[in-house]
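Chain identifiers are assigned alphabetically (A, B, ...) following the order of the sequence lines, protein sequences preceding nucleic acid strands; residue numbering begins at 1 within each chain.
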Amino acid sequence: MSPVFALVDCNNFYVSCERLFRPELEGRPVVVLSNNDGCIIARSNEAKALGIAMGAPYFQNRALIERHGVEVFSSNYALYGDLSDRVMSILQQLEPEVEIYSIDEAFIRLPGGAAANLAGQALSLRAKIKQYVGIPVSIGIGPTKTLAKIANRIAKKSPEQGGVFDLTDRPDLDDLLAGTEVRDIWGIGRRGAAKLNRRGVFTALDLKNANDGWIRKHLTVTGLRTAMELRGIPCIPVEHEPVPRKSMVCSRSFGKPVFTLADLREAVSTYVSTAAEKLRGEGLTAANLHVFLQTNSHRLDLPQYTAGLMVGLLQPTSSTPALIGAALAGLKKIYRPGFAYRKAGVMLTGLMAAAIRQQNLFRPAPRDNGALMHALDRINDRWGRETVRYASSGLAKPWCMTREHKSPSYTTRWKELPVVKASP
DNA sequence: TCTGGGGTCCTAGGACCC
DNA sequence: TCTGGGGTCCTAGGACCC
């Protein structure tokens, strides 16, 4: 029995999350902004219809947004993360094989066979998610993940399908592929699409029928895998076990330009603290820390400087003070005065499970402050982020990002629970 | 004035080894 | 003018994803 893949994708996810608590915004144009209210990263269908592009800078669209009364939200990841968990847990309860692919997407395996009513199963799943969580989803079904992705696109573009589209056993499959541009195939990006277009390959059908050696040469093995998937040969399995991560990043743009080493030290300490907490939460340690900073590359009128440094740690660790120490030592080496810094961050690599911690042959193990870190995490979990923090993270944080339009953390903070009133 | 953040994979090239 | 061959490992950079 050939496998059947389905992609469950939340519609305009961040917008749908905001609308859940503001139902009067249904049918009205809504956008959600990136951190620092920089770019537009989610749009309702009405906002798309106004011509607001994905990823477009907010300030460039502000006039259009105000003219049409578009509702604007800063991103509220506490809310989106929590609602994502709810959608995913329903999938996990109802389906045997689920791969959480991103905050708003999951692949599932459906039982195939002649008797399987795939579209019917998907419609029922969709209705349950809408009923239990309130988030609308689209479901695409196909013999490979790549085709399920294309099916999902079709489901979204054709509301008359009821949010579900099945690409298995379709005699007109090639016609549908001919109607899909290469740019819209999962795995073919802007560069790849331009390269293909220059060589006369414009649609998913063209790519499906292209010569293997030719694809391999121009798009590497990943492109060839995509082409095989278009032919209905599954090359990308559903990963039901979470794949262990290899790196972890915490970085932010600043709310306003930063000039001094003192401010950068605060910001970097704050980011390291966040990363270290996440590291411990996942039971991991890091062997290396990469610290980096950069000026605003959009400001061509200002002097530019970008730098980063990898700092090896004496031992793999998840201890906040050990990581802060390494990061600040690295920061001191790469800092140059006289620049308007826009962003800084840290990346942790060489991750391994804390349980299989590698010892250093030439140095005794430093004092383990695992109990202290555990207490720190418990306090901050119970009383809120940064209730207890390292002094180097600062208090006023003048560099902190701006979020002018953030909605309340409706589902994750007691103080911000929505209040419902019944009218008499 | 104002342009996000967090990941993975692949390849080429250099360093190094025998 | 001519300057081995084959292998591994690491890193940086590019491309892609959401």
A/S138-A/N152 side chain donor-acceptor pair, cut-off 3.5 Å: no
A/T412 versus A/D82, side-chain donor and acceptor atoms under 3.5 Å: no
DNA chain B-proximal residues of residues 33-50 of chain A, any heavy atom under 4.0 Å: A/S34, A/N35, A/G38, A/C39
A/R299 side-chain N/O to B/dT1 phosphate OP1/OP2 under 4.0 Å: no
Strand contacts (DNA chain B) in residues 262-282 of chain A, 4.0 angstrom heavy-atom criterion: A/K278
Residue list, side chain to side chain contact (heavy atoms under 4.5 Å, CB included) with A/D263, at least two apart or on another chain: A/V258, A/T260, A/P398, A/W399
Output a table of nitrogen or oxygen pairs between the protein and nucleotides 8-11 of chain C separated by less than 3.5 Å.
none

Residue list, side chain to side chain contact (heavy atoms under 4.5 Å, CB included) with A/K217, at least two apart or on another chain: none
Sugar-phosphate, base or nothing in reach of A/R403, heavy atoms under 4.0 Å: nothing
For A/Y305, side chain to side chain contact (heavy atoms under 4.5 Å, CB included) partners two or more places apart: A/L293, A/T295, A/A307, A/I334, A/R336, A/F339, A/Y341
Salt bridge (charged side-chain N to carboxylate O under 4.0 Å, His left out) contacts touching residues 40-54 of chain A (sequence neighbours left out): A/R19-A/E46
Sugar-phosphate or base contact per nucleotide [nucleotides 13-18 of chain C; S, B, -; heavy atom under 4.0 Å]: --SSSS
Results of side chain to side chain contact (heavy atoms under 4.5 Å, CB included) for A/S34 - residues two or more places apart only: A/C39, A/I41
Residues in side-chain hydrogen bond (donor to acceptor under 3.5 Å, both in side chains) contact with A/N380, at least two apart in sequence or another chain: none
P spacing across the pair C/dC18 / B/dT3, given as an integer number of angstrom: 25 Å
Inter-axis angle, terminal five-pair segments of the helix from B/dG5-C/dC18 to B/dC18-C/dG5 [nearest 10°]: 10°
DNA chain B-proximal residues of residues 235-258 of chain A, any heavy atom under 4.0 Å: A/R245, A/K246, A/S247, A/M248, A/V249, A/C250, A/S251, A/R252, A/S253
